[in-house]
Amino acid sequence: MKKESQITQSFFIKNINEGNEDAFKILFELYYSKLLYVAQSYVSNKEEAEEIVQDVFVKIWKNKKNITTNINGYLFKSTKNSCLDYLRSKKYKLNSSNNIVQLEAFINHSALADKDASSILEKELEQRIQTGIELLPKKCKKVFVKSRIEGLKNREISDELDISIKTVENHMSKAIKHMRLHLREFLSFF
(Lines give C-alpha, C1' and ligand atoms only; values in the text may rest on other atoms or scores of the structure.)
Protein backbone atom coordinates (compact mmCIF):
# COMPACT_ATOMS: atom_id res chain seq x y z
CA MET A 1 0.00 0.00 0.00
CA LYS A 2 2.88 2.36 0.72
CA LYS A 3 4.16 2.06 -2.87
CA GLU A 4 0.73 3.02 -4.25
CA SER A 5 0.63 6.05 -1.99
CA GLN A 6 4.05 7.20 -3.20
CA ILE A 7 3.03 6.83 -6.87
CA THR A 8 -0.12 8.88 -6.39
CA GLN A 9 1.59 11.54 -4.32
CA SER A 10 4.66 11.94 -6.51
CA PHE A 11 2.58 12.19 -9.68
CA PHE A 12 0.19 14.84 -8.44
CA ILE A 13 2.59 16.83 -6.30
CA LYS A 14 5.27 17.09 -9.01
CA ASN A 15 2.83 18.13 -11.71
CA ILE A 16 0.79 20.48 -9.53
CA ASN A 17 3.97 22.16 -8.24
CA GLU A 18 5.03 22.75 -11.84
CA GLY A 19 1.66 24.36 -12.63
CA ASN A 20 0.62 21.62 -15.05
CA GLU A 21 -2.96 22.58 -15.90
CA ASP A 22 -3.80 19.12 -17.24
CA ALA A 23 -2.70 17.51 -13.98
CA PHE A 24 -4.72 20.08 -12.04
CA LYS A 25 -7.76 19.36 -14.21
CA ILE A 26 -7.38 15.63 -13.57
CA LEU A 27 -6.94 16.32 -9.87
CA PHE A 28 -10.10 18.43 -9.92
CA GLU A 29 -12.05 15.78 -11.81
CA LEU A 30 -10.82 13.02 -9.53
CA TYR A 31 -11.57 14.76 -6.26
CA TYR A 32 -14.36 17.28 -6.83
CA SER A 33 -17.29 14.87 -6.40
CA LYS A 34 -15.61 13.10 -3.47
CA LEU A 35 -14.85 16.36 -1.66
CA LEU A 36 -18.35 17.64 -2.42
CA TYR A 37 -19.79 14.48 -0.89
CA VAL A 38 -17.69 14.99 2.23
CA ALA A 39 -18.60 18.71 2.44
CA GLN A 40 -22.31 17.99 1.95
CA SER A 41 -22.29 15.48 4.77
CA TYR A 42 -21.29 18.35 7.07
CA VAL A 43 -22.87 21.36 5.40
CA SER A 44 -26.51 20.78 4.57
CA ASN A 45 -26.76 23.46 1.87
CA LYS A 46 -25.52 22.04 -1.46
CA GLU A 47 -24.61 25.43 -2.95
CA GLU A 48 -22.51 26.34 0.07
CA ALA A 49 -20.84 22.92 0.02
CA GLU A 50 -20.00 23.46 -3.68
CA GLU A 51 -18.57 26.87 -2.87
CA ILE A 52 -16.42 25.41 -0.08
CA VAL A 53 -14.97 22.75 -2.41
CA GLN A 54 -14.35 25.27 -5.20
CA ASP A 55 -12.53 27.50 -2.72
CA VAL A 56 -10.36 24.53 -1.71
CA PHE A 57 -9.28 24.07 -5.35
CA VAL A 58 -8.61 27.80 -5.76
CA LYS A 59 -6.36 27.68 -2.68
CA ILE A 60 -4.58 24.59 -4.05
CA TRP A 61 -3.85 26.37 -7.34
CA LYS A 62 -2.69 29.57 -5.64
CA ASN A 63 -0.36 27.62 -3.33
CA LYS A 64 0.65 24.92 -5.84
CA LYS A 65 4.39 25.44 -5.34
CA ASN A 66 4.05 24.96 -1.57
CA ILE A 67 2.43 21.52 -1.65
CA THR A 68 4.99 19.02 -0.41
CA THR A 69 2.86 16.53 1.49
CA ASN A 70 0.22 13.91 0.80
CA ILE A 71 -2.10 15.52 -1.77
CA ASN A 72 -5.02 13.30 -0.72
CA GLY A 73 -4.73 14.26 2.91
CA TYR A 74 -4.11 17.89 1.97
CA LEU A 75 -7.35 18.06 -0.05
CA PHE A 76 -9.48 16.35 2.57
CA LYS A 77 -7.96 18.35 5.43
CA SER A 78 -8.48 21.62 3.52
CA THR A 79 -12.09 20.67 2.88
CA LYS A 80 -12.58 19.72 6.51
CA ASN A 81 -11.05 23.00 7.73
CA SER A 82 -13.16 25.00 5.31
CA CYS A 83 -16.27 23.22 6.57
CA LEU A 84 -15.23 23.96 10.15
CA ASP A 85 -14.83 27.64 9.31
CA TYR A 86 -18.25 27.66 7.67
CA LEU A 87 -19.88 25.94 10.64
CA ARG A 88 -18.16 28.29 13.11
CA SER A 89 -19.59 31.26 11.25
CA LYS A 90 -23.04 29.65 11.36
CA LYS A 91 -22.78 29.07 15.12
CA TYR A 92 -22.92 32.81 15.77
CA LYS A 93 -25.97 33.19 13.55
CA LEU A 94 -27.78 30.47 15.52
CA ASN A 95 -27.85 32.72 18.56
CA SER A 96 -30.21 35.10 16.80
CA SER A 97 -32.13 32.62 14.64
CA ASN A 98 -33.81 29.25 14.93
CA ASN A 99 -33.29 28.36 11.29
CA ILE A 100 -33.43 24.55 11.00
CA VAL A 101 -30.86 24.40 8.17
CA GLN A 102 -28.34 26.33 10.24
CA LEU A 103 -29.07 24.19 13.27
CA GLU A 104 -28.45 21.05 11.16
CA ALA A 105 -25.13 22.49 9.93
CA PHE A 106 -24.02 23.18 13.48
CA ILE A 107 -24.97 19.67 14.64
CA ASN A 108 -22.94 18.23 11.76
CA HIS A 109 -19.90 20.07 13.13
CA SER A 110 -19.19 17.14 15.47
CA ALA A 111 -19.10 14.72 12.54
CA LEU A 112 -15.98 16.43 11.20
CA ALA A 113 -13.84 14.59 13.71
CA ASP A 114 -14.42 11.35 11.74
CA LYS A 115 -11.35 10.75 9.58
CA ASP A 116 -12.57 7.37 8.34
CA ALA A 117 -14.52 8.75 5.38
CA SER A 118 -11.57 10.60 3.87
CA SER A 119 -9.22 7.72 4.61
CA ILE A 120 -11.47 5.26 2.80
CA LEU A 121 -11.78 7.51 -0.25
CA GLU A 122 -8.02 8.09 -0.33
CA LYS A 123 -7.21 4.37 -0.19
CA GLU A 124 -9.84 3.57 -2.80
CA LEU A 125 -8.37 6.11 -5.21
CA GLU A 126 -4.79 4.96 -4.58
CA GLN A 127 -5.79 1.36 -5.28
CA ARG A 128 -7.64 2.34 -8.45
CA ILE A 129 -4.66 4.35 -9.79
CA GLN A 130 -2.24 1.50 -9.05
CA THR A 131 -4.55 -1.02 -10.76
CA GLY A 132 -4.89 1.29 -13.76
CA ILE A 133 -1.12 1.54 -14.11
CA GLU A 134 -0.73 -2.23 -13.81
CA LEU A 135 -3.29 -2.78 -16.61
CA LEU A 136 -1.30 -0.70 -19.12
CA PRO A 137 0.57 -2.62 -21.83
CA LYS A 138 4.17 -3.32 -20.80
CA LYS A 139 5.93 -0.67 -22.95
CA CYS A 140 3.20 1.92 -22.38
CA LYS A 141 3.40 1.31 -18.62
CA LYS A 142 7.19 1.70 -18.66
CA VAL A 143 6.94 5.06 -20.48
CA PHE A 144 4.12 6.27 -18.22
CA VAL A 145 6.01 5.38 -15.03
CA LYS A 146 9.20 7.02 -16.27
CA SER A 147 7.31 10.19 -17.18
CA ARG A 148 4.77 10.61 -14.42
CA ILE A 149 6.37 8.76 -11.52
CA GLU A 150 10.10 9.20 -12.08
CA GLY A 151 9.66 12.68 -13.60
CA LEU A 152 11.73 12.14 -16.74
CA LYS A 153 11.28 14.34 -19.81
CA ASN A 154 10.28 12.81 -23.15
CA ARG A 155 13.84 13.20 -24.50
CA GLU A 156 15.28 11.38 -21.47
CA ILE A 157 12.77 8.55 -21.84
CA SER A 158 13.51 8.34 -25.55
CA ASP A 159 17.25 8.07 -24.91
CA GLU A 160 16.92 5.62 -22.01
CA LEU A 161 14.51 3.25 -23.79
CA ASP A 162 16.05 3.78 -27.24
CA ILE A 163 12.75 4.80 -28.85
CA SER A 164 11.71 7.92 -30.72
CA ILE A 165 10.20 10.93 -28.97
CA LYS A 166 7.08 10.43 -31.11
CA THR A 167 6.77 6.88 -29.73
CA VAL A 168 7.08 8.26 -26.19
CA GLU A 169 4.33 10.79 -26.95
CA ASN A 170 2.10 8.09 -28.42
CA HIS A 171 2.57 5.85 -25.37
CA MET A 172 1.79 8.78 -23.05
CA SER A 173 -1.33 9.68 -25.00
CA LYS A 174 -2.52 6.07 -24.85
CA ALA A 175 -1.69 5.82 -21.12
CA ILE A 176 -3.53 9.03 -20.21
CA LYS A 177 -6.62 7.97 -22.17
CA HIS A 178 -6.50 4.59 -20.42
CA MET A 179 -6.14 6.18 -16.96
CA ARG A 180 -9.03 8.56 -17.59
CA LEU A 181 -11.20 5.65 -18.68
CA HIS A 182 -10.06 3.48 -15.77
CA LEU A 183 -10.72 6.28 -13.27
CA ARG A 184 -14.00 7.40 -14.85
CA GLU A 185 -16.05 6.58 -11.75
CA PHE A 186 -13.92 9.08 -9.83
CA LEU A 187 -14.33 11.77 -12.48
CA SER A 188 -17.14 14.19 -11.78
CA PHE A 189 -17.90 15.17 -15.38
CA PHE A 190 -18.38 11.76 -17.02
Side-chain angles (χ1 to χ4, degrees), residues 1-43 49-50 52-54 56-57 59-61 63-64 66-83 108 111-152 157 161 168 170-190:
M1 200 66 144
K2 187 172 183 180
K3 182 178 180 182
E4 296 165 3
S5 179
Q6 290 173 340
I7 290 171
T8 303
Q9 292 171 35
S10 64
F11 170 74
F12 284 123
I13 292 172
K14 175 188 172 292
N15 285 284
I16 296 299
N17 286 348
E18 293 174 356
N20 181 321
E21 291 180 10
D22 289 333
F24 186 76
K25 181 179 178 187
I26 291 170
L27 182 73
F28 180 84
E29 290 173 349
L30 286 172
Y31 282 97
Y32 181 82
S33 60
K34 306 295 182 192
L35 295 178
L36 182 59
Y37 175 79
V38 170
Q40 281 185 284
S41 66
Y42 306 124
V43 177
E50 288 173 343
I52 287 169
V53 174
Q54 289 170 1
V56 167
F57 281 103
K59 289 176 190 173
I60 295 286
W61 186 252
N63 297 315
K64 61 186 171 277
N66 298 328
I67 299 172
T68 58
T69 60
N70 176 341
I71 193 74
N72 301 308
Y74 188 83
L75 284 167
F76 285 105
K77 187 171 184 173
S78 294
T79 302
K80 176 182 173 180
N81 289 340
S82 294
C83 287
N108 286 333
L112 285 169
D114 182 17
K115 295 179 183 179
D116 292 337
S118 61
S119 178
I120 290 170
L121 290 172
E122 177 182 336
K123 288 178 183 187
E124 181 182 341
L125 177 61
E126 289 173 5
Q127 179 62 44
R128 192 70 178 185
I129 289 172
Q130 183 64 31
T131 302
I133 290 171
E134 293 301 321
L135 291 173
L136 287 168
K138 187 177 180 181
K139 290 181 182 178
C140 188
K141 175 183 170 182
K142 187 179 274 190
V143 170
F144 183 78
V145 168
K146 291 203 173 291
S147 174
R148 298 302 197 229
I149 309 306
E150 296 175 15
L152 298 178
I157 297 168
L161 299 179
V168 171
N170 288 338
H171 280 304
M172 284 305 300
S173 177
K174 183 177 181 178
I176 290 171
K177 285 179 186 175
H178 165 80
M179 293 302 287
R180 283 185 178 149
L181 180 63
H182 188 73
L183 298 170
R184 69 184 175 275
E185 65 191 44
F186 285 91
L187 301 175
S188 61
F189 297 113
F190 273 56

ask   = For R128, does its backbone N or O pair with a side-chain atom of H182 as donor and acceptor, under 3.5 Å?
value = yes

query = If you look at every heavy atom in T79 and I52, which pair is closest and at what distance?
reply = O-CG2, 4.3 Å

ask   = For the residue pair V56 and S82, what are the closest heavy atoms and their distance?
value = CG2-OG, 3.8 Å

key: CD1 on I157 to CE on M172, rounded to 0.5 Å   = 7.0 Å

query = Taking only residues two or more places apart in sequence or in another chain, which ones pass side-chain hydrogen bond (donor to acceptor under 3.5 Å, both in side chains) with K141?
reply = E134

query = When rounded to the nearest 0.5 angstrom, what distance separates CD in E21 from CH2 in W61?
reply = 5.0 Å

ask   = Just wondering, do H178 and F144 contact through their side chains at under 4.5 Å, heavy atoms?
value = no

ask   = Roughly how far, to the nearest 0.5 Å, is the CG atom of L35 from the CZ atom of F28?
value = 9.5 Å

ask   = Rounded to the nearest 0.5 Å, how far apart are CG of L30 and NZ of K25?
value = 12.0 Å

query = Taking only residues two or more places apart in sequence, or in another chain, which ones meet K142 in a side chain to side chain contact (heavy atoms under 4.5 Å, CB included)?
reply = K146, L161

inquiry  = If the condition is side-chain hydrogen bond (donor to acceptor under 3.5 Å, both in side chains), which residues does S173 pass it with, not counting sequence neighbours?
reply    = none

query = Looking only at heavy atoms, which two atoms of M179 and G132 are closest? And how far apart?
reply = SD-C, 3.6 Å

query = Between K174 and L136, is any pair of side-chain heavy atoms under 4.5 Å apart?
reply = no

remark   = Rounding to 0.5 Å, atoms OH (Y32) and CD (E50) come to a distance of 4.0 Å

note = So SG of C140 and CG of L135: to nearest 0.5 Å the spacing works out to 11.5 Å

